[in-house]
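Following: one structure in structure tokens, then a few remarks.
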Amino acid sequence: MPSDAKEIIKDPMYLEFLGLKREAAYYERDLESAIITHLQDFLLELGNGFSFIARQKRIHIDGDEFFTDLVFYNRILQCFVIIEIKTDKLTHQDIGQLQMYVNYSDRVEKLPRENPTIGILLCANKNDGVVKFTLPENEKNIVASQYKLYLPTEQQLLEAVNIELQNFEQGKDSE
């Protein structure tokens with residue numbers, strides 16, 4: 001069984017099946033609605049063992065109300081998976097919001113036999129440094145995953161392969 005959520009969560013996720021236009025600006029609610037409409041395809045993109053639990057799940061904390069975007073359960077990992085959608089660049093506040101939802105799930109909803117909740121911040125753009133310094137060093141259950149609305153073009157794939165080949169060759173030369 002994976003010990004780290006990063007081992008099972010794709011980064012980036014390609015959401016081309018949603019059929020969203022490349023030029024359009026999307027609000028989180030639009031992206032969430034498109035995911036729900038294409039739920040089977042999204043579950044396949046997420047990986048094995050996922051089942052849908054809730055959309056806009058309401059959480060009450062001492063009189064305040066919060067809503068998690070999407071909640072899934074992974075039967076292989078035996079844990080809840082909370083997905084928060086951000087159509088802008090990821091911020092440390094977004095990570096804090098997701099951390100609160102994960103903590104709530106673990107302390108209120110998780111059964112003793114289940115594993116800790118995994119939180120995924122699905123964002124249009126991320127800064128790995130912000131993620132690294134916002135979360136504790138040993139945090140393995142909160143993951144930021146960038147989404148792409150389209151698969152890369154042939155040219156983009158060739159460029160990526162060439163960069164990887166150059167990095168490989170440089171690493172080989174330094175040995």
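This is a predicted model, so every value here is computed, not measured.
Of all heavy-atom pairs between Phe52 and Arg55, the closest is CZ-N, 3.7 Å. A pairwise comparison of heavy atoms in Thr117 and Ser105 identifies OG1-OG, 2.9 Å as the closest pair. What you find for Asp69 and Glu84 is that their closest heavy atoms are N-OE2, 2.7 Å. Contact detail for Cys79 and Pro116: the closest heavy-atom pair is CB-O, 3.3 Å.
With no hydrogens or angles considered, a side-chain donor-acceptor pair links Tyr73 and Glu114 at under 3.5 Å. Side chains of Lys86 and Gln97: a donor-acceptor N/O pair is present below 3.5 angstrom, by distance only. In the model, Asn74 has no side-chain atom that pairs as donor or acceptor with a side-chain atom of Gln78 under 3.5 Å.
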For this session: Give the intermediate values and the outcome of side-chain contact (heavy atoms from CB on, under 4.5 Å) for residues Ile82 and Leu70.
Result: CA-CA 6 Å; Ile82 297 172; Leu70 299 168; over 6 Å; no
For this session: Begin from the C-alpha positions of Ile61 and Met100 and carry the test side-chain contact (heavy atoms from CB on, under 4.5 Å) through to its verdict.
Result: CA-CA 10 Å; Ile61 302 175; Met100 181 183 72; 4.1 Å; yes
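No option in Ile59, Val102, Leu98, Ile53 other than Ile59 meets the side chain to side chain contact (heavy atoms under 4.5 Å, CB included) test with Thr68.
Atom CD of Gln99 is separated from atom OH of Tyr104 by 16.0 Å, given to the nearest 0.5 angstrom. If you take CZ on Phe67 and CD on Gln56, they are separated by 7.0 Å, rounding to the nearest 0.5 Å. Interatomic distance, CG of Asn103 versus CZ of Arg107, reported as 4.0 Å (0.5 Å rounding). Separating the CZ atom in Phe72 from the CD1 atom in Ile83 is a distance of 4.5 Å, to the nearest 0.5 Å. In this structure, CZ in Phe66 is found 11.0 Å from NE2 in His60, a value given to the nearest 0.5 Å. Summarising the geometry, atom CG belonging to Asn115 is positioned 12.5 Å from atom CD1 belonging to Ile76; distances are rounded to the nearest 0.5 Å.
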